[in-house]
Amino acid sequence: MPTQKDKEKLELLQGTLDLLILRTLIFGPHHGQGIARAIQETSDEELLVEHGALYPALQRLEVRGWISAKWGTSSNNRKARFYTLTAAGHRQLGKETTKWRRLEKAISRILGSEPVEG
Amino acid sequence: MFERKRKLDEFDAEIEAHLQLEFERQRELGLSEEEARAAARRAFGNVMQTKERFYESGRWLWWDHFWQDVQYGVRMLRKSPGFAVIAILTLAIGIGANTALFSVVNGVLLNPLPYAEPDRLVALYTHAYQFDKASISYPNFLDWSRQNHSFSSLAAFRGETFTMTGIGEPERLEANMVSATFFPLLGVNPIIGRSFEEKEDQLGAARVALISEGLWKHKFGAAPDIVGKSIRLDSNLYTITGVIPATFHYQNDNYRSKAEVYIPLGQWSNPLFRDRRTGMGMDAVGRLKPGVTLAQAKSDMSGVANHLAEVYPDIDKGQGVTLVPLKQNLVGDIQPFLLMLLAAVGFVLLIACVNVANLLLARSTGRTREFAIRNALGASNGRVVRQLLTECVLLALIGGTLGTLLAGWGTKAALKLLPEALPRSNEIHLDARVLLFTLGASVLAGILFGLVPAFKSARSDIQGTLREGGRGLTGARHRTQSAFVAMEMALAVVLLVAAGLMIRSLTKIWRVDPGFDPNNVVYFSFGTAQALGTTPDAIRQSYRQIHDAIAAVPGVESVSLSGGSTPMQSDSELPFWLEGEPKPTSQAEMKMSLFFAIQPDYIKVMNIPLKRGRFLTRSDAAGSPLVTVIDERFAKLFFSDQDPIGKHINFGILDQSAEIVGIVGHQNEWGLDSDSTNAIQAQCYFSIEQLPDSLLSAFDRGASGMVRTSYAQTDVAASLSRGVQTVSSDSVVYDLESMYGIISDSLATKRFAMALLGVFAVLAIVLSSIGIYGVISYIVGQRTHEIGIRMALGAERSTVVTMVLRQAGQMAVFGVVAGLLAAALLGRLMVSMLFGVSFYDALTFSTVAAILLAVALAACWIPAHRASRVDPMVALRYE
């Protein structure tokens with residue numbers, strides 16, 4: 001069973017991880033490992049995503065109808081579950097991105113320093 | 001289940017694929033196989049935790065636990081089949097009895113009447129004299145129909161019997177004479193043909209009839225071309241216009257139509273029927289116009305009645321109209337009775353629940369260790385409670401299923417016990433609402449009896465329990481169990497008091513003197529297809545002949561044909577005024593007396609005591625002066641200190657005055673339990689032969705009769721038929737019933753209540769004695785060690801027995817006292833069912849208390865005795 005500390009960590013990650021997954025899927029269907037890799041690589045390995053944490057997020061997004069999933073074959077001929085961004089997911093990504101940008105600006109203004117690259 | 005497996009497996013596969021892909025990527029980066037595998041796992045994090053999170057988020061957890069609990073529950077029940085069987089049977093009886101009674105309540109009180117828009121149907125009666133529900137005279141009915149503004153339609157109906165001839169043996173058919181509006185008003189359509197038209201509902205119209213589906217099938221072979229064929233009733237041919245579906249039946253108040261044929265009411269040519277002064281047993285039903293309330297209809301109808309009183313002051317003055325919603329009219333009387341029984345049977349279920357709870361408590365002591373271990377292994381208290389409750393609900397559902405089967409059977413049995421007294425009994429069956437009730441009752445019962453044991457078990461102290469080897473909380477448990485037993489006893493006391501009060505009431509009722517001797521007296525009716533004579537005198541002659549023919553049959557001691565009132569069977573009243581009084585201006589101001597049209601031997605048949613003067617004789621015939629015999633109450637009410645003999649009474653309808661020649665004892669007319677409270681007490685007797693021609697016409701095709709036989713025989717039918725056939729070959733004798741049967745039927749509702757309460761009370765006693773036996777046995781078992789020590793220290797056997805019995809006695813006394821208090825509080829609910837005994841009857845209360853204490857002590861005798869046989873050596877080695 002998850003401890004109190006676990007829960008806090010999850011909550012902290014929740015918004016951002018969902019956003020990152022949606023953003024990654026904009027380029028086309030990906031399987032879980034691919035998404036994890038893509039996030040890591042696109043962020044120049046700055047963000048360390050624990051792969052396991054990805055799955056509850058994927059499940060959540062699937063339940064909400066922002067992504068859909070289907071079994072397929074990977075580039076190296078492995079069976080894997082591929083996630084695709086749905087139309088609702090596209091809209092959600094737009095909303096989330098705007099929200100994130102505003103949050104980013106607001107926090108930068110408060111901190112007063114030069115914007116940190118995200 | 002299947003769905004869940006697939007999803008979990010799929011998730012495992014996905015994670016497996018992820019690890020594989022990551023592993024391959026690491027390999028491409030140049031790591032060794034082992035390093036690559038480790039790196040993939042490191043990147044992924046905790047695989048188990050991810051899977052668990054997926055599992056818990058999937059909402060499967062609840063269902064999974066539930067399913068586990070069910071499987072576990074089934075296993076536990078199978079491991080202790082004795083407990084399971086007793087618990088399930090106890091619950092099956094409790095739930096079954098409740099389901100059976102609820103299906104009666106549902107069919108009678110809850111379901112709407114089986115007519116179109118039944119809420120707008122209203123029963124109508126004349127309010128006249130001392131009667132709320134007197135029958136309506138046809139001329140008044142026609143005026144009501146024309147003058148009211150509240151009803152979209154009114155329909156009148158009356159019961160009649162006909163002799164059907166032409167198809168096999170002559171047969172007596174029950175018939176309804178109905179207005180043309182009757183079937184359309186109720187929304188009933190014939191399955192073949194059409195119902196009556198307005199023009200057929202008139203004097204002199206062609207004779208037409210509707211027949212029941214049953215008659216159509218049995219007598220006409222379900223012929224599809226039935227319309228236009230004819231049926232011969234009382235020697236007249238009626239053209240059939242249609243067939244009424246078998247699903248249709250009409251009941252109103254205590255009148256239940258078993259009609260097989262319907263004919264238009266307006267065709268009836270009987271002169272009395274056209275007389276505004278007579279009701280001829282006709283009632284009416286109306287359909288309120290949309291938007292019209294009952295109160296509006298009442299005030300409208302009282303306006304109509306007032307208007308009629310102005311136009312016909314001598315007849316309609318002082319009369320009103322009674323309006324009752326049809327359903328209330330039908331079931332209003334039975335409602336408190338059924339609800340009382342429902343409450344009583346609810347008590348039985350409560351006792352069953354308490355009993356099972358006790359069994360569970362006793363058993364859960366043995367399981368304390370099990371729960372402590374489960375707790376120690378990390379199961380939360382909530383989880384343990386849930387598991388126990390699941391077990392209980394499981395038990396209750398099995399019990400409920402079995403109970404439903406019992407109920408199906410029990411309902412049928414109950415309906416047989418209560419043939420005529422229960423309205424709408426043919427509408428009673430197990431339907432969706434009843435099954436829903438059973439399901440609800442089962443689940444509720446399961447939770448009810450499971451809750452206390454479950455919480456007791458869950459609250460146990462883990463360490464203490466494990467250390468003490470599972471004997472941790474026995475003291476506290478004893479208290480709960482004892483409280484449960486006391487509760488059971490209290491509930492049983494309430495039921496026993498209710499049953500006892502009913503028994504006392506019925507005993508008292510049976511002791512009421514009916515005023516006549518019912519032994520060896522058979523009541524019968526007879527009817528003929530042809531009129532008994534073409535002239536009134538010929539009819540009088542026929543009555544004399546039939547009498548003589550029946551009287552000549554061996555075994556017949558005396559016989560009297562009769563019309564008008566029959567004790568506890570039917571009533572007929574005549575308005576009158578005394579000699580020397582001015583004639584009252586309206587019927588409403590006249591005095592009323594029950595009217596018996598009989599033959600001189602009536603006094604021998606019924607064995608009524610002659611108090612003064614003489615009874616009617618054969619010489620009181622058509623040509624001789626009209627004489628009458630009155631009963632004691634008549635004499636007391638209207639002549640108080642004078643001598644009635646030789647006085648004259650004026651009967652409006654007879655058009656002449658009658659001389660009183662004798663006084664006889666009072667006969668019980670209205671039923672053993674209610675005769676003395678009825679408004680009409682006076683009784684008067686006339687010879688059939690002296691009835692005026694107009695009244696005699698009501699008896700031209702048969703009447704009733706009473707016959708006294710020299711021995712108790714039920715098979716007088718053949719003799720009676722032969723007697724009647726001396727006058728008319730096309731005749732039928734029907735409706736034979738012993739006078740005892742008639743008295744007994746008049747008490748059917750009370751007997752039914754007594755029988756059911758008796759059954760419930762016995763169940764309650766059995767269940768609660770099992771309860772107290774179980775608890776005492778258990779306590780004795782727990783105290784074996786202690787008893788052993790006591791005996792080793794020199795305690796006598798009798799001391800041990802007393803000690804155990806005292807403990808049992810405390811519970812019993814506590815329960816009995818609580819029960820008597822509850823009974824005294826609840827007793828007033830059944831006052832209407834009681835007769836001659838108050839609801840706090842001391843004799844009943846003390847007897848019940850004594851019975852229950854005795855039963856409780858007897859139930860404890862075995863365990864007490866067992867305790868006294870404890871061998872100290874064995875007891876001390878018991879651990």
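Computation of the quantities below employed the complete heavy-atom set of this structure, encompassing side-chain atoms and omitting hydrogens, waters and symmetry-equivalent molecules. Letters A, B, ... are given to chains in the order of the sequence lines, protein chains preceding strands, and every chain is numbered from 1.
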Below 4.5 Å from any heavy atom of chain A, which atoms of Ala13(B) appear? Answer side chain, backbone, both or neither. both
In terms of heavy-atom contacts, does CZ of Arg433(B) have more than 12 from other residues, nucleotides or ligands at under 6.0 Å? yes
In terms of side-chain heavy atoms, does His51(A) have a donor or acceptor partner in His18(B) at a distance below 3.5 Å? yes
Any idea which heavy atoms bring Gly446(B) and Cys392(B) closest together, and the distance? O-CB, 3.3 Å
Return the CZ to OG1 distance between Phe449(B) and Thr90(B), rounded to the nearest 0.5 Å. 9.5 Å
Can you name the ring pair (Phe, Tyr, Trp, His ring centres under 6.0 Å) partners of Phe437(B), sequence neighbours left out? Phe102(B)
For chain A, which residues from residues 21-34 of chain B have at least one heavy atom closer than 4.5 Å to it? Leu21(B), Glu22(B), Glu24(B), Arg25(B), Gln26(B)
Contact listing (chain B partner; residues 78-88 of chain A; heavy atom under 4.5 Å): Arg78(A), Lys79(A), Ala80(A), Arg81(A), Tyr83(A)
Shortest non-hydrogen contact from Leu93(A) to Arg23(A)? CD1-N, 3.7 Å
Sorted by chain and number, sequence neighbours left out, side-chain contact (heavy atoms from CB on, under 4.5 Å) with Arg42(B) holds for Ala38(B), Ala39(B)
Indicate the atoms forming the closest heavy-atom contact of Gly400(B) with Thr438(B), along with that distance. O-CG2, 4.0 Å
Side-chain H-bond candidate by donor/acceptor type, Glu14(B) with Trp71(A), under 3.5 Å: no
CZ of Arg109(A) to CD1 of Ile107(A), rounded to nearest 0.5 Å, is 11.0 Å
Given heavy-atom pairs under 4.5 angstrom as the criterion, report whether the side chain, backbone, both or neither of Gln20(B) touches chain A. side chain
